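Since the structure comes first, as structure tokens, the remarks are kept for the end.
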Amino acid sequence: MLYGHDLTERIVALHPVGPGTMRVYRRTPEDAVTWEDERYHPFFLLDDIDLLKGFPRDRFQFQPLAGSNAYQWLVVFPDAGSYWDARRHIQQASDTQKERPDAIYFVGGPEQQYLMQTGRTLFKGMELHDLHRLQFDLEVYSERGFPQAEVPEHRIILVALSDNRGWSRVVGGPLMDEQSVLEETLELMRERDPDVIEGHNVFGFDLPYLAARCRRHGVPLALGRDGSEPRSFPSSMRFAERQIEFEAVEIAGRHIVDTLFQVMSFDVFSRDLPNYTLKGVAKYFGFAPEGRTYIEGEDIAQTWREDPQRLIDYALDDVIETAAIAEHLSGSTFYLTQMVPMPYGQCARSGPASKIESLFVRGYLHARHSVPRAEAGSQIVGGYTDVFMTGVVGPVVYADVESLYPSIMLNYGVQPRRDALGIFPRLLQRLTDLRFVTKRAMREASGENETRELDARQTAYKNIINSFYGNMGFGFAAFNDFAEADRVAATGQKLLRQIMALIRDRGGRIVEVDTDGVLFVPPPEAQSASGDAERAFVSALSEKMPEGIRIGFDGRFERMLSFKKKTYALLGYDGTLKVKGSSLVSRSTERFGRRFVRRAIELLLAEDVAALHALYLNHRQRIIAHDWDGVASFQRIETLKQPLARYERDVRDGKRNRPASYELAKQRAEATGEPVRIGDRIAFYIAGGGGRVFEAAKLASEWDPADPDEDTAHYIGRLDQFASKFSAFFETDHAFRQVFSEEDLFGFDARGIRLAVRERAPEDVTDDVPF
DNA sequence: AGCTGTGGCAGGGAGG
DNA sequence: CCTCCCTGCCAC
């Protein structure tokens with residue numbers, strides 16, 4: 001079912017060139033790129049062949065598919081004017097049948113259809129470094145405000161280019177006009193002839209800006225390997241709870257990889273990045289070149305006039321960082337394209353659901369079997385979460401079920417009801433085996449490069465494997481099955497309760513559980529300096545599990561501050577502190593609050609009440625004195641998730657509140673012309689004057705340290721709100737208030753103030769009862 | 001033309 | 001004041 005073992009074929013890119021013709025680009029062992037044209041058959045799946053009534057009979061062929069799923073006809077247009085023509089036509093045909101808007105299953109673009117028909121994948125037998133990857137970054141001159149492509153003075157002044165062959169160049173200079181910059185850039189890009197074009201936020205900024213400026217000068221943006229201009233279409237991408245809309249761009253014979261997407265995708269799991277800017281991410285990974293030049297966006301114009309060489313250095317540092325980030329994060333996507341019938345660029349900008357579905361559809365087409373329609377409904381059951389102890393406890397051990405949902409799916413015969421061919425279990429088993437083999441090879445690998453490649457490969461398998469469960473509960477997935485998804489989740493809950501019972505039977509005390517893991521205080525005999533006793537304790541648990549379910553030891557911690565469900569802090573034996581939970585670490589809350597909370601957690605873990613009181617007083621005094629480390633320390637940041645028009649309609653209809661973020665984004669759009677886009681992050685603070693938050697809020701960029709106008713009473717209130725989280729950790733409310741308030745007439749005395757641990761037994765309580 | 005899920009906490013506007 | 005309800009962010 002998985003292809004890609006023929007080492008002789010090194011396809012790097014594809015693009016459709018005419019009716020049923022695909023241009024196939026191959027990289028030769030000598031590193032040259034050759035191409036040839038191959039036939040493919042544009043095709044669609046229909047649920048009713050009558051949809052083609054009236055369409056010239058000699059222009060299509062059809063074949064009935066086996067089985068009784070919804071899409072029972074495979075219709076091929078051997079010489080359609082183009083794939084898109086054929087598509088438009090049957091789209092129109094189906095539109096006349098208003099009651100069945102989903103009568104057609106769209107298999108995907110021409111490249112995907114080609115890969116499905118031929119069973120080929122891209123990059124066969126290649127490693128990431130075999131690709132030729134070029135990075136680019138624009139610097140735009142704008143006197144004030146956000147650069148707008150329509151404003152004549154807002155012009156491209158520099159383009160930095162680099163590639164993974166050690167080549168780099170900055171195009172532009174004080175004496176060079178924009179048109180020449182554009183022409184020389186395009187010429188260089190064609191000469192280098194990369195397989196992949198990489199950049200940070202290229203879909204959001206660089207590519208559309210470049211396109212607009214080229215149009216303005218009448219310079220064709222001929223970046224395609226065949227000299228063609230890019231094709232673009234609106235698209236969207238989801239990263240966990242965050243959705244961003246963008247204009248997707250395709251360049252013939254090449255792939256575009258936006259490192260911003262890779263970064264956001266990485267952060268879904270790490271949840272650790274300070275921000276998604278190129279500089280921030282490069283610093284986080286340690287990729288920033290030594291002595292790197294930094295220039296704020298608003299200072300670019302001035303730097304360009306006074307010290308252009310500095311801007312040139314800066315632009316070059318940008319692409320060097322982009323290359324490092326892409327190198328670091330694109331591995332697993334690269335290997336995914338060796339399994340999934342999708343071009344690399346598409347793989348890099350689509351979510352897991354479409355990847356899984358393409359695997360299914362390829363299997364079904366190969367067997368000439370009909371394809372089901374998604375069932376309506378929704379998943380009901382989710383993970384089991386609860387907390388049984390709050391306060392400072394320890395030591396604790398974290399035990400988790402290894403690959404909980406995939407293990408359940410493999411060992412309990414899980415299969416979507418309409419998966420007549422049984423692809424789901426076979427594919428899952430195969431991917432799991434491949435991952436196992438790859439991980440073993442990785443452990444035995446010598447050399448850093450080999451290890452990294454194998455790690456990227458096993459991560460690619462992991463990502464796909466983990467998506468199988470989510471896909472069953474996804475409303476638009478052809479092979480979804482909500483009942484089966486519920487069965488998986490319910491089985492997971494049952495297993496977790498079994499583990500909890502085992503731990504308690506052996507004298508352990510459960511602190512908190514979440515979906516597939518348990519944090520618990522081990523019994524005294526399972527506490528050791530080396531951690532061996534803890535490991536043995538967990539192994540013994542694993543022995544008691546059903547076939548195929550294994551419990552792993554995922555760490556032990558000296559102390560834990562347990563707060564609420566999904567909200568806690570862990571102090572490692574090496575002194576590192578891990579803080580979890582939106583109310584403790586949310587990036588939307590003010591930085592001073594986050595730091596205050598973190599420091600307070602450290603002090604609570606050390607049970608240093610006197611220092612806690614001092615910490616509170618210190619923060620309070622600094623707020624009163626406007627003693628901030630810039631506006632960044634007290635601004636809040638919120639992400640816009642809806643188009644402005646939709647937001648305003650919902651507000652009008654009374655469906656939603658008026659938060660500061662949208663209101664300020666509107667103001668900013670009016671003032672600077674920077675468009676309001678989904679995914680924009682708005683930084684703001686509360687200025688004096690009172691009223692509702694959205695009325696008192698101002699953009700963070702408006703704050704002036706020389707004339708601070710933030711609402712001190714508001715920020716004292718915020719500090720108290722942060723402090724109030726900790727009231728549950730004290731024995732009495734009075735004790736809490738003594739610590740987190742100014743001294744009263746008798747002064748502050750930490751003696752006699754005790755922290756409290758509260759505990760309840762799992763069987764005592766069935767639903768959520770607050771402590 | 002594309003889109004993985006549920007559970008949980010906090011903030012804040014609206015309206016009693 | 002309080003509750004209700006929506007949104008955003010996070011854990012897994």
Side-chain angles (χ1 to χ4, degrees), chain A residues 84 87 91 106-109 112 232-248 267-269 271-272 346 349-357 374 378-387 400-401 404-405 463-464 466-477 479-480 482 485-486 488-490 492-493 496 512-517 563-568 578-589 593 636-642 647 650-651 654-663 681-682 686 691-695 697 718 721-722 724-725 768:
Chain A
W84 306 105
R87 185 184 165 132
Q91 177 78 62
F106 290 112
V107 179
Q112 203 175 329
S232 75
F233 51 90
S235 184
S236 72
M237 178 89 177
R238 255 185 78 173
F239 302 93
E241 77 280 351
R242 165 175 291 138
Q243 173 153 358
I244 63 165
E245 317 238 320
F246 65 100
E247 189 76 6
D267 197 48
V268 168
F269 293 103
R271 295 278 178 189
D272 204 22
Q346 189 182 345
R349 61 173 157 74
S350 60
S354 49
K355 293 189 182 96
I356 294 212
E357 190 144 308
S378 69
Q379 190 184 329
I380 299 160
V381 185
Y384 168 48
T385 307
D386 211 341
V387 58
D400 69 347
V401 184
L404 175 68
Y405 289 159
N463 290 342
I464 279 267
N466 285 338
S467 310
F468 269 64
Y469 161 74
N471 198 247
M472 278 201 308
F474 175 40
F476 292 138
F479 292 88
N480 61 2
F482 301 118
D486 283 342
V488 174
Q493 292 206 7
L496 206 59
E512 112 140 30
V513 293
D514 191 352
T515 311
D516 62 355
F563 183 35
K564 290 185 170 166
K565 291 175 187 177
K566 296 174 188 282
T567 312
Y568 55 87
K578 273 195 241 185
V579 184
K580 301 272 191 179
S582 65
S583 69
L584 301 182
V585 295
S586 173
R587 274 172 297 200
S588 76
T589 58
R636 285 175 58 96
I637 301 177
E638 272 175 25
T639 310
L640 309 185
K641 305 237 158 157
Q642 286 187 339
Y647 160 73
D650 285 354
V651 168
K655 275 202 209 146
R656 66 168 293 167
N657 288 332
R658 228 176 242 287
S661 48
Y662 284 88
E663 297 300 316
R681 289 169 58 78
I682 308 296
I686 306 301
R692 290 171 295 188
V693 163
F694 72 84
E695 290 164 336
R718 286 293 289 156
Q721 271 174 291
F722 294 130
S724 71
K725 294 178 196 299
D768 293 342

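Below, read A as the first sequence line, B as the second, and so on, with proteins coming before strands; counting in each chain starts at 1. Computed from a predicted structure; not experimentally measured.
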Original post:
Heavy-atom distance under 4.5 Å between the side chains of A:Ile380 and A:Phe482, does that happen here?
Top reply: no
**OP:** Quickly work out the A:Lys566 NZ to B:dC9 P distance and round it to whole Å.
**Re:** 9 Å
Subject >> Test item: A:Glu638 and A:Ile682 side chains (from C-beta on) under 4.5 Å apart, heavy atoms >> reply: no
**OP:** Measure the distance from CD on A:Glu663 to P on C:dT7 and round it to the nearest whole Å.
**Re:** 15 Å
**OP:** May I have the distance from A:Glu357 (atom CD) to B:dG2 (atom C1'), rounded to whole angstrom?
**Re:** 11 Å
Original post:
What is the nucleic acid contact for A:Ile380, judged by heavy atoms within less than 4.0 Å: base, sugar-phosphate only, or nothing?
Top reply: sugar-phosphate
Original post:
DNA chain B: A:Asn466 or A:Tyr384, which has the more 5' nearest nucleotide?
Top reply: A:Asn466
Original post:
Distance check: side-chain N/O of A:Lys725 vs OP1/OP2 of B:dC9, anything under 4.0 Å?
Top reply: no
**OP:** Classify the nucleic acid contact of A:Ser350 as base, sugar-phosphate or nothing, counting any heavy atom under 4.0 Å across all strands shown.
**Re:** sugar-phosphate
Subject >> Atom-pair distance (OH on A:Tyr662; P on B:dG12), nearest Å >> reply: 16 Å
**OP:** Give A:Gly470 one of three labels, base, sugar-phosphate or nothing, depending on what nucleic acid heavy atoms sit under 4.0 Å from its own.
**Re:** base
Subject >> Residue A:Ser582, side-chain atoms from C-beta onward, closest of B:dT6, C:dA11, C:dC9 >> reply: C:dC9
Original post:
OG1/A:Thr589 to CZ/A:Phe722 distance, rounded to the nearest 0.5 angstrom?
Top reply: 5.5 Å
**OP:** Report the distance from atom CZ of A:Arg636 to atom CZ of A:Arg718, rounding to the nearest 0.5 Å.
**Re:** 5.0 Å
Original post:
Got A:Lys564 and A:Ser583 here, is their nearest side-chain heavy-atom distance under 4.5 Å?
Top reply: no
Original post:
Counting just side-chain N and O atoms, does A:Arg718 come under 4.0 Å of either OP1 or OP2 of B:dG11?
Top reply: yes
**OP:** Starting from P on C:dC10, measure out to CD1 on A:Ile637 and report it in whole angstrom.
**Re:** 11 Å
**OP:** Rounded to the nearest angstrom, tell me the gap between atom CD in A:Gln721 and atom P in B:dA10.
**Re:** 11 Å
**OP:** Give the nucleotide from the list B:dG8, B:dG5, C:dC12 with an atom nearest to the side chain of A:Lys580.
**Re:** C:dC12
**OP:** Can you tell me the distance, in whole Å, between the CD atom of A:Gln112 and the P atom of B:dA1?
**Re:** 12 Å
**OP:** Check every strand shown and say whether A:Ser583 touches a base, only sugar-phosphate, or nothing at a heavy-atom separation below 4.0 Å.
**Re:** sugar-phosphate
Subject >> Phosphate-side-chain proximity, A:Ser354 and B:dC3, N/O vs OP1/OP2 below 4.0 Å >> reply: yes
**OP:** Determine the contact category for A:Tyr568: base if any of its heavy atoms lies under 4.0 Å from a base atom, sugar-phosphate if only primed atoms, P, OP1 or OP2 are that close, otherwise nothing.
**Re:** sugar-phosphate
**OP:** Name the nucleic acid region contacted by A:Thr639, choosing base, sugar-phosphate or nothing; use a 4.0 angstrom heavy-atom cut-off, strictly under.
**Re:** sugar-phosphate
**OP:** Round to a whole Å and report the spacing from NZ of A:Lys564 to P of B:dG8.
**Re:** 13 Å
**OP:** With C1' as the reference atom in both, quote the distance from C:dA11 to B:dT4 in angstrom, rounded to an integer.
**Re:** 16 Å
**OP:** Determine whether A:Phe474 and A:Ser467 make a side-chain contact, defined as any pair of heavy atoms from C-beta on separated by less than 4.5 Å.
**Re:** no
**OP:** For A:Phe722, report the nucleic acid contact type (base, sugar-phosphate, nothing); a contact means any heavy atom under 4.0 Å.
**Re:** nothing
